[in-house]
Amino acid sequence: MAVVTVPGPGRTGEPTSLPAAYFDRLYASDPDPWRFAERWYERRKRDITLACLPHERYAAGFEPGCSVGLLTEALAERCDTLLSTDVAAAAVSAARRRVAHLGHVRVEQRAVPGEWPEGAFDLVLVSEVGYYLGPDDLGLLAQRVVTSLTTGGVLVLCHWRHPVDDYPIVGDEVHERMRALTGLHCVARHDEEDFLLEVLAGGPPESVARREGLVQ
Ligand SMILES: C[S@@+](CC[C@H](N)C(=O)[O-])C[C@H]1O[C@@H](n2cnc3c(N)ncnc32)[C@H](O)[C@@H]1O
């Protein structure tokens with residue numbers, strides 16, 4: 001197991017975001033540190049995430065923190081174009097290899113929120129990434145999401161709920177802060193002991209059944 005140095009609090013005493021080096025060392029000690037390919041827990045969570053997306057298709061998806069690209073590959077089936085990014089070079093290489101056959105998917109090395117991509121997205125998926133960010137970066141993340149979401153677009157948040165010593169905040173706090181900071185409202189929520197998944201949207205609430213003409 002690699003020894004990973006975690007940064008201390010910033011000048012304001014608030015915790016700061018985990019640096020790229022933290023994730024580089026994780027990937028140096030294990031090419032799939034969270035066992036995304038093998039664990040039933042992860043496969044089931046990917047299926048739940050996809051099932052919670054309120055639209056069948058998205059024109060432009062953005063997935064920061066894509067790791068080795070398992071969720072990327074699954075999301076690609078629902079998106080006309082998909083940009084997936086990760087701060088760690090090893091993760092980007094692995095994800096690129098996994099989706100090399102998919103011409104509509106790009107994988108880039110970028111850290112959010114600082115290296116937020118240009119363009120508008122109707123799906124932004126922040127899955128298991130928010131708790132690596134200190135409060136300042138989480139605030140900037142919220143701003144970036146709001147400015148790049150299209151009208152009718154959705155932000156999907158999914159986070160592990162148990163505390164992890166190294167992480168600046170816990171999953172539930174990511175969701176609370178992102179709801180408050182973005183002003184988006186929750187249109188779907190999957191709540192269980194280990195993880196919380198929320199789909200947030202702007203504008204008036206629009207149920208899937210209403211959109212499909214099943215209710216007035
Ligand atoms: C636990 S994995 C999540 C993978 C995938 N999103 C999922 O839910 O299955 C977290 C990934 O986020 C990346 N990451 C951490 N901080 C990041 C940041 N500020 N910007 C982009 N990626 C980041 C890590 O390198 C790691 O690959």
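In each ligand, atom 1 is the first atom listed, and ligand 1 is the first ligand listed. Positions are given from 1 along the sequence. Heavy-atom basis, side chains included; hydrogens, waters and symmetry copies ignored.
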Query raised in the report: Any Lys/Arg nitrogen of Glu192 or Arg44 sitting under 4.0 Å from an Asp/Glu carboxylate oxygen of the other?
Result: yes
Requested in this report: Check whether any N or O atom of Asp86, backbone or side chain, sits under 3.5 Å from an N or O atom of ligand 1, and answer yes or no.
Outcome: yes
Requested in this report: Any atoms of ligand 1 less than 4.0 Å from a non-hydrogen atom of Ala111? List them with their elements.
Outcome: 20 (N), 21 (C)
Query raised in the report: Could Arg177 and Asp172 be called an ion pair, given the rule that one side-chain N must be under 4.0 Å from one carboxylate O?
Result: no
Requested in this report: Answer with yes or no whether Val112 contacts ligand 1, where contact means a heavy atom under 4.0 Å from a ligand atom.
Outcome: yes
Requested in this report: Return a yes/no value for Gly65: is any of its N or O atoms, backbone included, closer than 3.5 angstrom to an N or O of ligand 1?
Outcome: yes
Query raised in the report: So, does Tyr22 sit close enough to ligand 1 that a heavy atom of it is under 4.0 Å from the ligand?
Result: no
Query raised in the report: What do you reckon, does Ser127 have a nitrogen or oxygen under 3.5 Å from a nitrogen or oxygen of ligand 1?
Result: yes
Requested in this report: Taking atom CD of Glu193 as the centre, report whether more than 12 heavy atoms of other residues, nucleotides or ligands fall under 6.0 Å from it.
Outcome: no
Query raised in the report: Is the closest heavy-atom distance from Leu133 to ligand 1 below 4.0 Å?
Result: yes
Requested in this report: Please report which non-hydrogen protein atom sits nearest to atom 16 (N) of ligand 1, along with the residue it belongs to and the distance in Å to one decimal place.
Outcome: Phe23 CE1, 3.6 Å
Query raised in the report: Taking atom 21 (C) of ligand 1 as the point of reference, which of Glu115, Glu128, Lys45, Arg110 owns the nearest heavy atom?
Result: Arg110
Query - N-O pairing of Arg46 and Glu42 below 4.0 Å - result: no
Report summary line: Here the atoms of ligand 1 under 4.0 Å from any heavy atom belonging to Ser67 are 4 (C), 27 (O)
Report task. With rounding to the nearest 0.5 Å, note down the distance linking CG in Leu133 to CE in Met178. Result -> 9.0 Å
Query raised in the report: Between atom CG of Leu125 and atom CG of Leu53, what is the distance when rounded to the nearest 0.5 Å?
Result: 7.5 Å
Query - For Tyr27, the ligand 1 atoms whose distance to one of its heavy atoms is below 4.0 Å - result: 25 (O), 26 (C), 27 (O)
Query raised in the report: Counting heavy atoms only, which of Leu70, Thr85, Val87 is nearest atom 14 (N) of ligand 1?
Result: Val87
Query raised in the report: Of the protein's non-hydrogen atoms, which lies at the shortest distance from atom 2 (S) of ligand 1, and what is that distance?
Result: Phe36 CZ, 3.7 Å
Query - Parallel, tilted or perpendicular: rings of His190 and Phe195 (30°, 60°) - result: parallel
Report task. Would you indicate whether Glu77, at its atom CD, is surrounded by more than 12 heavy atoms from other residues, nucleotides or ligands within a distance under 6.0 Å? Result -> no
Query raised in the report: Does the pair Glu128/Lys45 count as a salt bridge with the N-to-O cut at 4.0 Å?
Result: yes
Query raised in the report: Of all the heavy atoms in Ser17, does at least one lie under 4.0 Å from an atom in ligand 1?
Result: no
